[in-house]
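Written below as structure tokens is the structure these notes are about.
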Amino acid sequence: MRPAPTAGVLHELVLPWYAEQQRDLPWRRPDRSPWGVLVSEVMLQQTPVARVLPVWERWMELWPAPADLAAASPGDAVREWGRLGYPRRALRLHAAATAIRDLHGGAVPDAEETLRTLPGVGDYTAAAVAAFAFGRRATVVDTNVRRVHARAVTGAALPAPSLTRAEVALATSLLPDDDAEAAVWHVAVMELGALVCTARAPRCGACPVATVCAWRLAGSPAHDGPPRRGQRWEGTDRQCRGRMVQLLREAPGPVEGERLRAVWPDEAQRDRCLDALVADGLVEPLEGDRYRLPV
DNA sequence: GAACCGTGGTC
DNA sequence: TGACCAAGGTT
């Protein structure tokens, strides 16, 4: 087994590649705000770039600052979320905007620890905003970073099912000493994972790290860990909830309970989902068996 | 830690 | 064709 490539070697290979190959994404442009970065990071959670782009642009027009979103209704946030999926993210972004306005003087916090207190902001998003919006030396570990490190350094086809301390330690150890390089390092690795070192069919022929990649040098062994459990969809509560929220999103005003219940055949499941949506704050019940997005 | 939370594209 | 996957977070 060959030794894993050193941090220095990886930097020399990945950073020039990123300088050439990086995509021109609006939340990476010099004129974007920390708020724009935060919104992009939440939208990009489990959601492809191509689907996020138009919604992000629209949000920036409607709500260019946290206070603008905070002044809107949570239902507006859910409506403008469109079909990005996981609409609770829209709700949490609205709550985060309110917290930023009320607790942080209207400015997105620049400290990871403070960011982490915002609704919908976990370890990844806090580190990403600190690093990308404020140039902080944060350790950003997302699914792309984990996969690139698993292959190039550890020699495994795929990372473990859940993030380990060893992975975080590895990511931290690979952060360049130079601040300017560190500022682009994580996003460069993420870009490599998104464009080249992909989960299904990695394009090793186009990879700047291929010559030193531990996984390649080991003969690209197949994934030997536990099989990854795919989430079912047909007949799930999520499908039922999705239909109800879609109906409310596209309706001009309140919707009759009868119409809402018509989207799902199973009475017990339908009622359970509607109750859960109300409990989650995604749906607001009105007098007379009517419902709407929260105001 | 496992389960849950949407949606649509891909091979 | 359908399982897998996409810049995770919360409970």
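Please read these numbers as outputs of a predicted model, since none were measured by experiment. Reminder, nothing fancy here: chain letters follow the sequence lines and each chain counts from 1.
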Any donor-acceptor N or O pair under 3.5 Å, side chains [X], [Y]:
X	Y	value
A:Arg32	A:Ser40	no
A:Tyr124	A:Gln45	no
A:Arg238	A:Gln231	yes

Determine the contact category for [X]: base if any of its heavy atoms lies under 4.0 Å from a base atom, sugar-phosphate if only primed atoms, P, OP1 or OP2 are that close, otherwise nothing.
X	answer
A:Arg51	base
A:Asp237	sugar-phosphate
A:Ser162	sugar-phosphate
A:Thr236	nothing
A:Trp81	nothing
A:Leu25	base
A:Gly122	sugar-phosphate
A:Ala194	sugar-phosphate
A:Arg272	nothing

Could you tell me how far [M] sits from [N] if I compare only their [atom1] atoms? Round to whole Å.
N	M	atom1	result
B:dG1	C:dT10	C1'	13 Å
B:dG6	C:dA6	C1'	12 Å
B:dC5	C:dG2	P	23 Å
C:dG9	B:dG9	P	25 Å

What is the distance from [atom1] of [X] to [atom2] of [N], rounded to the nearest Å?
X	N	atom1	atom2	result
A:Trp56	C:dA6	CH2	P	23 Å
A:Leu163	B:dA2	CG	P	14 Å
A:Tyr86	B:dA3	OH	P	14 Å
A:Gln231	B:dA3	CD	C1'	9 Å
A:Arg28	C:dA7	CZ	P	11 Å
A:Arg232	C:dC5	CZ	P	15 Å
A:Arg89	C:dG8	CZ	C1'	9 Å
A:Gln45	C:dA7	CD	P	12 Å

Of the listed nucleotides ([options]), which one gets closest to any side-chain atom of [X]?
X	options	value
A:Arg147	C:dA7, C:dT10, B:dG6	C:dA7
A:Ala199	B:dC5, C:dA6, C:dC4	C:dA6
A:Thr125	C:dG9, B:dC5, C:dA6	C:dG9

Can you work out whether A:Ala201 or A:Arg238 has the more 5'-proximal nearest nucleotide on DNA chain B?
A:Arg238

Is A:Arg241 near enough to B:dG6 that one of its side-chain N or O atoms lies under 4.0 angstrom from OP1 or OP2?
yes

Upstream residue (5' side of DNA chain C) when A:Gly120 and A:Glu191 are each assigned their closest nucleotide:
A:Glu191

Record whether the side chain of A:Thr143 comes under 3.5 Å of the base of C:dG8 through a donor-acceptor pair of N or O atoms.
no

Less than 3.5 Å between a donor and an acceptor, one on the side chain of A:Arg200 and one on the base of C:dC5, is that the case here?
no

If you measure from the Lys or Arg side-chain nitrogens to the Asp or Glu carboxylate oxygens, is any gap between A:Asp289 and A:Arg261 under 4.0 Å?
yes

Given side-chain contact (heavy atoms from CB on, under 4.5 Å), test A:Val14 with A:Leu192 step by step and report yes or no.
CA-CA 8 Å; A:Val14 173; A:Leu192 185 61; 4.2 Å; yes

Heavy-atom nearest pair, A:Trp59 first then A:Leu69, reads CZ3-CD2, 3.7 Å

Evaluate side-chain contact (heavy atoms from CB on, under 4.5 Å) for A:Leu248 paired with A:Leu277, printing each intermediate quantity in order.
CA-CA 12 Å; A:Leu248 291 168; A:Leu277 286 170; over 6 Å; no

